Number of protein chains: 2
Amino acid sequence: MQSVRNDIHTSSIPALCQSCESRHQGICAALNAQQLSALSKHTRRVHHHAGDQLLADAEPITSYGNVLHGVVKLSKILEDGRQQVVGLQFAPDLLGRLFANESRVTAEAASDVDICMIPKLALEALVRQNPELEHRVMLQTLRELDEARDWMVTLGRKTAAEKVASFLYLIASHIDPGGEVTTFDLPLSRADIGDFLGLTIETVSRQMSKLKADNVIEIENYRHVLVPDLARLRVRCG
Amino acid sequence: MQSVRNDIHTSSIPALCQSCESRHQGICAALNAQQLSALSKHTRRVHHHAGDQLLADAEPITSYGNVLHGVVKLSKILEDGRQQVVGLQFAPDLLGRLFANESRVTAEAASDVDICMIPKLALEALVRQNPELEHRVMLQTLRELDEARDWMVTLGRKTAAEKVASFLYLIASHIDPGGEVTTFDLPLSRADIGDFLGLTIETVSRQMSKLKADNVIEIENYRHVLVPDLARLRVRCG
DNA sequence: CGTGAGATTGATTGGGATCAAGGATAGTGG
DNA sequence: CCACTATCCTTGATCCCAATCAATCTCACG
């Protein structure tokens, strides 16, 4: 661990944070200039390419990560290789389970991502002295729990067609600027979508083709989707 | 609501709490005698019979509840009636999503339950002035999130046989005193188990019969189950 | 252009849903 | 104590949706 000189005469915001798109979002919004300054001495911004593994299941966690850009995929794998995606994280979500010594999921960059790495002990110390920060993380955790439970309904009780519509609606909602027509890039491959929905690649592909044939969506380049009318997609979600 | 005289000269623990089996568990463990005393003015212990509804989806929350005894079932229902159980709560879990104004799930007593009702505002005030309390709730929420994600794997990727084995293993683990042979009462009907596993009643029944035929479990009275060897059940979980 | 990864489409199979009938158990009232 | 009933559960027969197996297509990239 490096020695840290803390300049108590200025509480200016660190350059790294000043230009950071998450400065006023997520956990950083709960920090004052001085805390931000102290924390930023330990953080570093890293870039990962799609497919890179960020956390391995059952491996020790040494850092938390603040997702700045891109999408991170959380998944669990059974011994025989069956995989289930259990969550997606978008900016400015915090990556890594607070207070846990080892990860309970595998985290992979679903797209190219930028992440602000925060050493485990640095963040936990800050949490202890700043209840507002824990409160922020608490709110994110509650939201993730809500999302997980919503998804359990999709996994347990919806048909393949409803599952695929629900996934597209989920992504569209995350992107949606509110306009009538919505376009977006899928952050996941067909294989990952299948692992998210508990379906095979083939079934995902067939249902997407069906939605296209029914003019609910348009597809260009596999990854780019256009939804002319979100409400018409919505009613397919079951 | 009954009037309660509080002896301000002592910070003795309220009688109601003194005999409470959750006094040193769950959120109450984070409270000192004085806080407990203040809180207990607003709480009351209630009993509900199996099947009683405790919270309705999309209805305002006016009270949190500390589960003291029994099992509470959290579920979500699609418009057309399809139902998915999204969580089970055992003592000493806190019932009701902190900071939310309305429930996002339906909560029902799965068995007969005893619950200590805590008015929403009373608990939230206490949370604000007691970070340790929020920390406790945070830990429960993180655990629920872990459980939800584990269950997503079961829902999305396991076969009917593995799902039923996983459910029995889940219940057995919650009861397990550590002995070799485990016996317990199922807290859910076949219909509820189906709604938990994303299966029909018939499939649940068939898989239970199969486990019985394979001598993995013994069944008496529909509800009472005996597991001679937990490890043999475990390997059926996929 | 050739290659390979990812996606689509088609044919067939199978696991779990659905439809249907009957058995076990607890509660009720005679 | 014994029908009577309602509820819950089990078991069987059949059907259908999604998995599997297999072939082809698309496109990015060397």
Side-chain angles (χ1 to χ4, degrees), chain A residues 49-51 73 78 80-84 108 110-112 154-168 185-214 217-225 236 238, chain B residues 49-51 73 78 80-84 108 110-112 154-168 185-214 217-225 236 238:
Chain A
H49 294 283
K73 177 188 89 178
L78 295 173
D80 62 5
R82 281 176 287 177
Q83 183 169 159
Q84 177 66 48
E108 272 180 47
S111 61
D112 283 19
T154 300
L155 286 172
R157 287 303 184 196
K158 293 190 183 177
T159 64
E162 290 168 341
K163 284 180 177 180
V164 171
S166 298
F167 172 75
L168 293 172
D185 285 311
L186 293 175
L188 300 184
S189 67
R190 297 291 185 273
D192 284 338
I193 296 173
D195 285 340
F196 195 17
L197 296 170
L199 299 173
T200 58
I201 297 179
E202 294 95 326
T203 299
V204 172
S205 183
R206 268 185 257 272
Q207 296 301 335
M208 300 251 316
S209 299
K210 192 155 185 303
L211 287 172
K212 190 169 72 173
D214 295 351
I217 62 172
E218 292 169 31
I219 304 176
E220 309 149 20
N221 273 345
Y222 298 148
R223 285 290 185 120
H224 195 74
V225 176
R236 303 240 174 180
Chain B
H49 293 283
K73 177 187 91 179
L78 295 174
D80 62 5
R82 282 175 288 177
Q83 183 170 161
Q84 177 66 48
E108 273 179 47
S111 61
D112 283 18
T154 300
L155 286 173
R157 286 303 184 197
K158 292 190 183 177
T159 64
E162 289 167 343
K163 284 180 177 181
V164 171
S166 298
F167 172 74
L168 293 173
D185 284 312
L186 292 176
L188 300 184
S189 67
R190 298 290 186 274
D192 285 337
I193 296 173
D195 285 339
F196 195 17
L197 296 170
L199 298 172
T200 58
I201 297 180
E202 295 94 325
T203 300
V204 172
S205 184
R206 268 184 258 272
Q207 295 302 335
M208 301 253 314
S209 298
K210 193 156 184 303
L211 286 172
K212 190 168 73 172
D214 294 351
I217 62 171
E218 292 169 31
I219 304 176
E220 310 149 19
N221 273 345
Y222 298 148
R223 284 291 184 118
H224 195 75
V225 175
R236 302 244 173 174

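Keep in mind that what you see is a predicted model, and the values were worked out from it rather than measured.
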Could you give the CD1-to-P distance, from A:I219 to D:dC25, as a whole number of Å?
-> 19 Å
Among D:dT20, C:dA17, C:dT8, the one nearest A:T200 by side-chain distance = D:dT20
Expressed in angstrom and rounded to an integer, what is the separation of B:H224 atom NE2 from D:dC9 atom C1'?
-> 18 Å
Contact class for A:G194 (heavy atom, under 4.0 Å): base, sugar-phosphate, or nothing?
-> nothing
Base of C:dG6 paired with side chain of A:R223 (donor-acceptor, under 3.5 Å) = no
Considering only side-chain heavy atoms of A:E202, which listed nucleotide, C:dA17, D:dA19, D:dC21, is closest?
-> D:dC21
Please report the shortest heavy-atom distance between A:R157 and B:D195, naming the atom on each side.
-> NH2-OD1, 2.9 Å
Shortest non-hydrogen separation from A:K73 to A:A110 and the atoms involved | CB-CB, 4.1 Å
Rounding to 0.5 Å, atoms CZ (B:R190) and CG (B:L199) come to a distance of 13.0 Å
Between B:T159 and A:R82, the two heavy atoms sitting closest are N-NH1, 4.1 Å
Between A:R206 and C:dT9, does any side-chain N or O lie under 4.0 Å from OP1 or OP2?
-> no
OP1 or OP2 of C:dA7 less than 4.0 angstrom from a side-chain nitrogen or oxygen of A:S205, does that happen here?
-> no
Residue whose nearest DNA chain C nucleotide is more 5′ - A:R157 or A:S189 = A:S189
OH of A:Y222 versus P of C:dT8: gap in Å, rounded?
-> 6 Å
5′-ward residue of the pair A:L199/B:K212 relative to DNA chain D = B:K212
Over how many whole Å does the gap from B:K158 atom NZ to D:dA18 atom P extend?
-> 22 Å
Between C1' of C:dA7 and CD1 of A:I193, the distance in whole Å = 11 Å
Looking at A:S209, does any N or O in its side chain come under 4.0 Å of the phosphate oxygens OP1/OP2 on C:dT9?
-> yes
Heavy atoms only: give me the nearest B:F196-B:L155 pair and the separation to one decimal.
-> O-CD2, 3.5 Å
Rounded to whole angstroms, how far apart are CG on B:N221 and C1' on C:dA26?
-> 10 Å
Rounded interatomic separation in angstrom, taking CD1 from B:I201 and C1' from D:dT11 = 14 Å
Roughly how many Å is it from NZ in B:K210 to C1' in D:dG12, rounded to a whole number?
-> 17 Å
